[in-house]
**Q** 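Got a structure for you, questions after.
FYI, side chains are in, hydrogens and waters are out, and symmetry mates aren't considered; it's all heavy atoms of this structure. From a predicted model like this one, the values you see are computed outputs, not experimental measurements.
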Amino acid sequence: MADTKAQQRGGYAEEVSAEELAEIGLRFEVDGEIATITLNRPEKRNAQTTATWSALARIGAGLPEQVRVVVVKGEGPSFSAGIDLRMFTKEGVPGQGSFGSASRQDDSSLQELIGQAQQGFLWLRRPEIVSIAAVHGHAVGAGFQLALSCDLRIVADDVKFCMKEPALGLVPDLTGTKPLVELVGLAKAIDICLTARNVEADEAYRIGLAEQVVAGGDLDKAVAAKVAQLLSTNRDAAAATKRLLQGASGRTLEEQRAAEGAEQAVRLRAVFNAQS
């Protein structure tokens with residue numbers, strides 16, 4: 001775990017201890033340029049709570065500067081079965097409340113609560129890192145949205161994506177709707193969300209939800225191979241290219257041309273001034 005005194009990407013960030021993460025049901029490990037986040041409640045199929053989302057946000061805020069690739073995976077038979085169902089009960093999750101108690105807050109407080117949860121997902125898109133979801137088994141609701149928050153999804157052949165929220169009277173609110181539409185198109189996104197059906201491996205690959213499908217026993221190997229490929233490129237050029245790609249859909253061709261030129265000017269000076 002990174003030293004709390006070390007300068008981090010988000011400033012001086014509070015460290016989340018391994019013990020605290022274990023209690024929440026997460027593991028966070030850093031090996032050089034690679035960080036791995038493991039959802040670690042296999043007995044609950046890695047169901048998520050508000051504590052999960054808070055811890056993910058704190059991990060993102062304190063991500064060590066050297067990290068270039070973040071892998072998100074799940075322990076046990078599923079990536080994540082979604083929200084801990086105790087959140088739907090009157091009692092809720094001890095120390096974390098319930099959706100019922102949250103719903104009684106005023107609009108401002110409720111929006112702030114949702115915004116805090118979303119921070120656990122947003123940072124995975126930062127241009128200076130590439131995030132990979134290694135998905136097997138069920139990826140339901142919040143689990144599906146966590147996978148969608150990552151840049152790439154490498155999946156096992158037993159994967160089952162499902163956007164369950166509409167079937168529960170809710171909407172997907174953990175930043176998953178935008179990438180879903182961008183990946184599969186509006187009509188297919190409507191179909192997936194409003195039927196709350198399972199999307200299995202073959203369809204996920206065909207419609208662009210998954211970049212690669214492998215046998216379950218080969219998932220770790222496939223992810224490791226992709227990480228090695230990603231780390232083989234120049235760090236600063238990779239970040240600049242990701243910025244360009246992320247902004248492309250919101251720009252005109254002329255605006256994108258100008259953005260490419262600005263990024264390339266920086267890269268040319270960095271590459272050739274370093275050689276002189």
**Q** Less than 4.5 Å apart, any side-chain heavy atom of T49 and any of R41?
**A** yes
**Q** Would one find more than 12 heavy atoms of other residues, nucleotides or ligands at under 6.0 Å from atom CG of D106?
**A**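 Check passes, neighbour count above 12.
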**Q** Test of understanding: clusters of I, L, V, M, F, W, Y form through side-chain heavy atoms closer than 4.5 Å, transitively. Do L148 and L146 belong to the same one?
**A** yes
**Q** Honestly curious: do L231 and V223 fall in one hydrophobic cluster under the side-chain, below-4.5 Å linking rule?
**A**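 Yes, it is one cluster - the side chains of L231 and V223 are joined through contacts under 4.5 Å.
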**Q** May I ask you to test the F79-V159 pair for a side-chain heavy-atom distance under 4.5 Å?
**A** no
**Q** Check for me, please, whether F121 and I83 land in the same ILVMFWY cluster - side-chain distances under 4.5 Å, paths through other members count.
**A**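 Yes.
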**Q** Can you see which heavy atom on R68 is nearest to which on A238, and at what distance?
**A** NH2-CB, 4.0 Å
**Q** Do other residues, nucleotides or ligands put more than 12 heavy atoms under 6.0 Å from the OH atom of Y205?
**A**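 Not buried by this count: 12 neighbours or fewer within 6.0 Å.
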**Q** Establish, from distance only, whether the side-chain atoms of E112 and Q105 form a donor-acceptor pair under 3.5 Å.
**A** no
**Q** Check this for me: does any side-chain nitrogen of one of R243 and E263 sit under 4.0 Å from a carboxylate oxygen of the other?
**A**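 Counted as a salt bridge, because a side-chain N and a carboxylate O are separated by less than 4.0 Å.
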**Q** Would one find more than 12 heavy atoms of other residues, nucleotides or ligands at under 6.0 Å from atom CG of N234?
**A** yes
**Q** Just by distance, do the side chain of Q145 and the backbone of L174 share a donor-acceptor pair under 3.5 Å?
**A**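 At least one qualifying donor-acceptor pair exists.
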**Q** Considering only heavy atoms from C-beta outward, does the side chain of T36 approach that of D31 to under 4.5 Å?
**A**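 Counting from C-beta outward, T36 and D31 never come under 4.5 Å.
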**Q** Between OG of S109 and CD1 of I114, what distance do you get to the nearest 0.5 Å?
**A**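 With rounding to 0.5 Å, OG (S109) is 11.0 Å from CD1 (I114).
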**Q** Does a side-chain N-to-carboxylate-O contact under 4.0 Å join R58 and E20?
**A**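 The answer is yes: the pair qualifies as a salt bridge.
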**Q** Measure the CD-CG distance between Q111 and D173 for me, rounded to the nearest 0.5 Å.
**A**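 The CD atom of Q111 sits 9.5 Å away from the CG atom of D173.
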**Q** Less than 4.5 Å apart, any side-chain heavy atom of V16 and any of F28?
**A**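 Sidechains of F28 and V16: no contact.
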**Q** Is there a side-chain contact between V227 and V71, using heavy atoms and a 4.5 Å cut-off?
**A**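 Yes. Closest side-chain heavy atoms under 4.5 Å.
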**Q** To check you understand the geometry: which heavy-atom pair defines the closest contact between A156 and G216, and what is its length?
**A** CB-CA, 3.8 Å
**Q** Group every Ile, Leu, Val, Met, Phe, Trp and Tyr by side-chain heavy-atom contacts under 4.5 Å, then state whether V30 and L39 land in the same group.
**A** yes
**Q** Is there a side chain to side chain contact (heavy atoms under 4.5 Å, CB included) between V72 and L56 once you walk through the steps?
**A** CA-CA 11 Å; V72 183; L56 287 172; over 6 Å; no
**Q** Can you check side chain to side chain contact (heavy atoms under 4.5 Å, CB included) on L26 and N40, steps first, answer last?
**A** CA-CA 5 Å; L26 290 170; N40 191 30; 5.8 Å; no
**Q** Closer than 3.5 angstrom, by distance alone: can the side chain of S101 be matched with the main-chain N or O of G97 as a donor-acceptor pair?
**A** no
**Q** May I ask you to say whether E75 pairs ionically with R27, meaning some side-chain N is under 4.0 Å from a carboxylate O?
**A** yes
**Q** Please give me the minimum heavy-atom distance between A133 and A147, naming the atom from each residue.
**A** CB-CA, 3.8 Å
**Q** Check step by step if side chain to side chain contact (heavy atoms under 4.5 Å, CB included) holds for V214 and D157.
**A** CA-CA 6 Å; V214 299; D157 53 11; over 6 Å; no
**Q** Are R197 and E203 close enough for a salt bridge, meaning some N to O gap below 4.0 Å?
**A**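 Yes, charged N to carboxylate O under 4.0 Å.
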**Q** Are V199 and C162 close enough that some pair of their side-chain heavy atoms sits under 4.5 Å apart?
**A** no
**Q** Treating Ile, Leu, Val, Met, Phe, Trp and Tyr as nodes and any side-chain heavy-atom pair under 4.5 angstrom as an edge, say whether L85 and M87 lie in one connected cluster.
**A**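 Cluster IDs for L85 and M87 match.
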**Q** Is a donor on one side and an acceptor on the other found under 3.5 Å between the side chain of E211 and the backbone of R153?
**A** yes
**Q** Taking the side chain as every heavy atom from C-beta outward, state whether V70 and I59 have any atom pair closer than 4.5 Å.
**A** no
**Q** Which value, rounded to the nearest 0.5 Å, describes the distance between L209 atom CG and F161 atom CZ?
**A** 6.0 Å
**Q** Considering all heavy atoms of both residues, which atom of D191 and which atom of T195 are nearest to each other, and what is their separation?
**A**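 Taking D191 first and T195 second, the nearest heavy atoms are O-OG1, 2.5 Å.
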**Q** First locate atom CZ of F99, then atom CZ of F88, and finally report the distance between them rounded to the nearest 0.5 Å.
**A** 5.0 Å
**Q** Looking only at atom types and distance, does a side-chain atom of S80 sit under 3.5 Å from a main-chain N or O of G82, one as donor and one as acceptor?
**A** yes
**Q** Are T50 and V93 close enough that some pair of their side-chain heavy atoms sits under 4.5 Å apart?
**A** no
**Q** State whether K178 and E182 are salt-bridged, where the test is any N-O pair (Lys NZ or Arg NE/NH1/NH2 against Asp/Glu carboxylate O) under 4.0 Å.
**A** yes
**Q** One thing to verify: whether E260 and R257 come together as a salt bridge, which I'm taking to mean a side-chain N less than 4.0 angstrom from a carboxylate O.
**A** no
**Q** Could you grab the distance from atom CD1 of I154 to atom NZ of K221, nearest 0.5 Å is fine?
**A** 13.0 Å
**Q** Considering all heavy atoms of both residues, which atom of P127 and which atom of Q246 are nearest to each other, and what is their separation?
**A**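 Scanning both residues completely, I find the closest heavy atoms to be CB-OE1, 3.9 Å.
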**Q** Supply the atom-to-atom distance W123 CH2 to S131 OG, rounded to the nearest 0.5 angstrom.
**A** 7.5 Å
**Q** Determine, stepwise, if the pair S98 / K90 fulfils side chain to side chain contact (heavy atoms under 4.5 Å, CB included).
**A** CA-CA 7 Å; S98 68; K90 182 178 180 180; over 6 Å; no
**Q** Please name all residues satisfying side-chain hydrogen bond (donor to acceptor under 3.5 Å, both in side chains) with K242, sequence neighbours left out, ordered by chain then number.
**A**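 Result, side-chain hydrogen bond (donor to acceptor under 3.5 Å, both in side chains) vs K242: D151.
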**Q** Around E23, counting heavy atoms of other residues, nucleotides and ligands shown, do more than 12 lie under 6.0 Å from its CD?
**A** no
**Q** Answer yes or no: is there a donor N or O on one side and an acceptor on the other, between the side chain of Q212 and the main chain of A222, under 3.5 Å?
**A** no
**Q** Testing the basics here: between G137 and D158, what is the closest heavy-atom pair and its distance to 0.1 Å?
**A**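 Answer, listing the atom of G137 first, then D158: N-OD1, 3.1 Å.
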**Q** Just checking, any donor-acceptor pair under 3.5 angstrom between side chains of Q116 and W53?
**A** no
**Q** Test your reading of the model: is there a side-chain donor-acceptor pair from Q256 to the backbone of L253, 3.5 Å cut-off?
**A** no
**Q** When you compare the side chains of R125 and T175, does any donor N or O come within less than 3.5 Å of an acceptor on the partner?
**A**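 On atom types as modelled, these side chains qualify, holding a pair under 3.5 Å.
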